[in-house]
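Just so we're on the same page: letters track the sequence lines, and every chain starts at 1. Worth saying up front: this structure is predicted, and the values here are computed from it rather than measured.
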Amino acid sequence: MRWSQAFIPTLKEVPSDAEIVSHQLLLRAGLIRKLAGGLYTFLPMGVRVLRKVEAIVREEMNRAGAQEVLMPALQPPEIWQASGRYETARDVLFKLKDSAQREWVLSPTAEEVITTLAAAELNSYRQMPVNFYQISVKFRDEIRPRFGLMRAKEFYMKDAYSFDATDEGAMASYRRMFDAYGRIFARCGLQAFPVEADTGVIGGNHSHEFMVPADTGENDVVYCETSGYAANIEKAASRGPEVPTPKDRTGEAPETFATPGVVTIDSLAAAPYSVPAHGQIKTLVYIVDSKPVLILLRGDDLLNEAKLMARTGATHARPATPEECVQTLGARPGSLGAVARIPQDVPVYADEQLRGARGMTTGANEDGFHLRHVEIERDIRVSHWVDLRTVRAGEADIATGQPLKIRRAIEVGHVFKLGTKYSEKLNATFLGETGQRHPCVMGCYGIGVTRTLQAIIEQCHDKDGIVWPTSVAPFEVCLTPLTVTPGSAPRELADRLYADLTAAGIEVILDDRDERPGVKFKDSELVGFPLRLNLGEKSLAKGEVELKPRGRNVEMVPIAEAAARAIAWVQAERARLNPAKA
RNA sequence: CGGGACGUAGCUCAGCCCGGUAGAGCACUUGCUUUGGGAGCAAGACGUCGCAGGUUCAAAUCCUGUCGUCCCGACCA
């Protein structure tokens, strides 16, 4: 490719609506342009990278035994109603009507379609295990698209679905995908690591997310360097808070005391009350699938909504409004408690940290009053003891007792053992060896291809621009003659090297633009080609060309060796990023 | 959905408070010079000031509405 013929609209200045560096570089390097919020056009360089990431995903999926299919993005709502997700996923589902007023949904994932296919086509245990995948455009009605490709309304995703006759088989399928994911991200030059993930309403503990550490990520990962434990904060557990919960028996009965104007944990912890936060019971009213529930936490703990959803099996949960609190408990937020006046039909979920708690202080369910000397198991009707709190950095790892750390990360992949949720609802059953009919045991496995692309930039860049891993770079080598006049030595050599490298199977872009050297250097570094060959009059006169790997120092090599050295460099990088092939 | 900010040339922005008919830098076109880190000089082209109403002799500027974009929040009672 000749740069003069290529469409690579680089930007010197930072577009005002790009906040994070990877988004800025996507725009500045001429990979994408925005059409509207959360919708982007991929320009030629962007497409080249996208296709490379996609190819890596495809190769590894095929290697893992998955078979590629392609499903419609436009889907009938009936199958979504059948799975129940028409309701549970309503917030992210795009819906539309055709000219006959028939409704359709735009697919965010394809469990319903693939399970419908399986219901029709998979009839015998002999047909399993089988794993179908596709790489296609997905749609999500994001309430707030942001960060360019990170959270978009339309994006590229690889989604795979495994079908097994047995639970053990499903675990083997899961493992194969888990391993394939490790290879995929490694080949993309990306440092991504698996963390235990929340399994939501489906339950079980076989779900991992693949995370790329980045301050701009939208997930918090809890991890322990000693034990290797790593989990999404939505799922993470620890040995508990550093300050233990008071449990000394006092024998005193609950006592009401006036706390005018005190409606926060902090103000009750301050003088004149001086009740430490860990000696308080925080009472929350949540509306879970339209019904009120009470949630009890230690005063210094934070509710983990994902855990709440998982423990209650709910699909929607939100804090109750002050009016709903009054309706449920007769008091406003700030004075809520679970000791008295709790309607029988309102379940009380108490966090495990409160088990055995004594001498606690909590709201009296009367505005302006609190209760002290509360013993939770004596005074409160707890219907469920569950883990609901959010782990904090510094708490002890369950395995080793070492302090846990927390960092932000970008989720680029997710593997999930689904079980029979979809196969039961959509009737994907098969006949087993004994002639019995069983639902298929499923797994689903996603990789955000466009998000992965941006995560690579987020991880691989410097002050000058993108530093592409060779495996996903739009071109592997950028030939940069500093003089482009036909017949000049740099131009002649560039043309010759272009032919040699191309013949060796290297992807080369020749910067034949009649631009000043500074412009060419800046552009090639912004776009991020892994290896640049500078061909200047001065060094050529000395019989040398410059080999400039992106982000590393220049090396002078004799003209006669230039092609061989460049080829060797690229091949070494390819091998480093794909050891299996080397 | 709540809050905040911003919409002026392809891009980054000024002008708005205090109304008088639109500017800078970069990019683009042409010419000359320059040629190892986003060149210099000269000339040129580029705008329904997001859109719709309103106030006014006069609106980018003031008022109302609307659309769009970005940020924060949507657990901490």
Side-chain angles (χ1 to χ4, degrees), chain A residues 9-20 23-24 27-28 30 33-39 91 143-148 151 216 233-234 259 261-269 277 280-288 294-309 317-326 328-329 331-338 351 362-363 365 367 370 388-390 392 463-465 480-485 488 490 513-527 532 534-541 545-546 548 554:
Chain A
T10 56
L11 302 174
K12 207 183 290 187
E13 296 186 80
V14 179
S16 62
D17 56 2
E19 187 74 7
I20 67 174
H23 185 195
Q24 293 168 354
L27 293 162
R28 289 190 56 212
R33 284 294 183 266
K34 183 171 75 177
L35 174 65
L39 299 172
D91 294 342
I143 53 172
R144 187 177 159 204
R146 63 182 131 179
F147 301 152
R151 184 166 291 280
T216 52
I233 197 155
E234 295 182 343
T259 50
V262 172
V263 292
T264 62
I265 300 288
D266 285 347
S267 53
L268 196 56
Q280 300 184 38
I281 299 173
K282 179 192 288 187
T283 307
L284 307 176
V285 180
Y286 256 69
I287 305 297
V288 173
L294 254 55
I295 294 154
L296 307 184
L297 292 160
R298 241 176 65 163
D300 55 343
D301 273 339
L302 306 180
L303 173 66
N304 187 325
E305 266 189 26
K307 289 184 178 177
L308 174 67
M309 306 274 279
R318 63 168 174 85
T321 62
E323 295 71 36
E324 287 167 328
C325 290
V326 172
T328 308
L329 295 178
R332 300 180 56 80
S335 305
L336 302 177
D351 184 76
T362 187
N365 266 349
D367 288 351
H370 279 77
L388 290 173
R389 66 187 294 275
T390 304
R392 289 177 195 270
K463 64 175 174 48
D464 296 313
T480 306
L482 301 184
T483 312
V484 293
T485 321
S488 67
R513 295 175 300 167
D514 186 13
E515 288 287 356
R516 302 164 65 82
V519 172
K520 295 187 172 197
F521 293 155
K522 289 288 184 191
D523 266 350
S524 76
E525 282 154 14
L526 177 58
V527 182
R532 189 174 69 214
N534 298 336
L535 315 175
E537 301 272 10
K538 287 180 211 160
S539 47
L540 290 192
V545 304
E546 292 171 13
K548 173 70 173 74
V554 170

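Nucleotides B:A45 and B:U30 have their C1' atoms positioned 11 Å apart, rounded to a whole Å. If you take atom P in B:G7 and the same atom in B:U61, they sit 12 Å apart, rounded to whole Å. Rounded to whole Å, the separation between the P atoms of B:U55 and B:G15 comes to 29 Å. Here the separation of B:U35 from B:G23, taken at their C1' atoms, is 33 Å to the nearest Å. Taking atom P on both B:A58 and B:G2, the two are 37 Å apart, rounded to the nearest angstrom. Atom C1' of B:C28 sits at a distance of 30 Å from the matching atom of B:C67, rounded to the whole Å. The gap from the C1' atom of B:U8 to that of B:G68 amounts to 15 Å, rounded to the nearest Å. Rounded to a whole angstrom, the distance from the C1' atom of B:A59 to that of B:G54 is 11 Å.
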Next item on the list: Summarise protein proximity over nucleotides 22-42 of chain B in one line of letters, 5' to 3': B for base, S for sugar-phosphate only, - for none, counting protein heavy atoms closer than 4.0 Å.
Entry: ---BSS------B-BBBB---
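For the side chain to side chain contact (heavy atoms under 4.5 Å, CB included) criterion with A:I281, the lone passing option out of A:L296, A:I265, A:L336 is A:L296.
The CZ-P distance, from A:R151 to B:C71, rounds to 12 Å in whole Å. In this structure, A:K34 atom NZ and B:C11 atom P are separated by 11 Å, rounded to whole Å. Here the P atom of nucleotide B:C75 and the OH atom of A:Y286 are 5 Å apart, to the nearest Å. If you take CG of A:L27 and P of B:C70, they are 11 Å apart, rounded to a whole angstrom. Rounded to whole Å, the distance from CD on A:Q24 to P on B:C70 is 14 Å. Between the CE atom of A:M309 and the P atom of B:C75 there is a distance of 11 Å, rounded to whole Å. Between the CG atom of A:L294 and the P atom of B:C75 there is a distance of 17 Å, rounded to whole Å.
Separation of atoms CD1 (A:I287) and OG1 (A:T321) is listed at 7.0 Å; rounding is to 0.5 Å. To the nearest 0.5 angstrom, A:L535 atom CG is 7.0 Å from A:L482 atom CG.
Looking at heavy-atom distances under 4.0 Å, A:V285 makes contact with a base. Residue contacts shown for A:A277 are absent, as no nucleic acid heavy atom lies under 4.0 Å away. Nucleic acid contact for A:P322: none, since no nucleic acid atom lies under 4.0 Å from a heavy atom of the residue.
Crowding of A:D514 atom CG: a count of heavy atoms from other residues, nucleotides or ligands under 6.0 Å not exceeding 12.
The shortest distance between side-chain heavy atoms of A:V527 and A:T10 falls below 4.5 Å. Side-chain contact check for A:F521 versus A:D464: every heavy-atom pair is 4.5 Å or farther apart. Between A:K548 and A:S524 the shortest side-chain heavy-atom distance does not fall below 4.5 Å. Counting only heavy atoms from C-beta outward, the side chains of A:V14 and A:R28 approach each other to under 4.5 Å. Annotation: side chain of A:V285 is in contact with side chain of A:L294 (closest heavy-atom distance under 4.5 Å).
Of the side-chain N and O atoms in A:R146, none sit less than 4.0 angstrom from OP1 or OP2 of B:U69. Contact between the side-chain N/O atoms of A:S16 and the OP1/OP2 oxygens of B:U69 is not found at any separation under 4.0 Å.
The residues A:E19 and A:R146 are annotated as not salt-bridged, no charged nitrogen and carboxylate oxygen being separated by less than 4.0 angstrom.
With a cut-off of 3.5 Å on both Watson-Crick or G-U wobble distances, the partner of B:G38 is given as none. Under the Watson-Crick or G-U wobble criterion, with both distances below 3.5 Å, B:C28 is paired with B:G44. Pair check for B:U56 finds none; no Watson-Crick or G-U wobble contact set falls under 3.5 Å. Using the Watson-Crick or G-U wobble rule with both distances under 3.5 Å, B:C6 pairs with B:G68. Judged by Watson-Crick or G-U wobble contacts below 3.5 Å, the nucleotide B:C1 has B:G73 as its partner. Of the nucleotides present, none pairs with B:C18 by Watson-Crick or G-U wobble criteria with both distances under 3.5 Å.
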Next item on the list: Take A:V288 and A:L308 through the side-chain contact (heavy atoms from CB on, under 4.5 Å) test and state the conclusion after the steps.
Entry: CA-CA 9 Å; A:V288 173; A:L308 174 67; 4.2 Å; yes
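Place A:L297 and A:E19 on RNA chain B by their nearest nucleotides, and A:E19 ends up nearer the 5' end. Of the two residues near RNA chain B, A:D301 and A:A36, the one whose nearest nucleotide lies more 5' is A:A36.
Residue pairs meeting the salt bridge (Lys or Arg N to Asp or Glu O under 4.0 Å) criterion with at least one partner in residues 298-309 of chain A, sequence neighbours excluded, are A:R298-A:D300, A:D301-A:R389, A:K307-A:D387.
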Got a list of protein N/O to nucleotides 2-5 of chain B N/O distances below 3.5 Å?
none

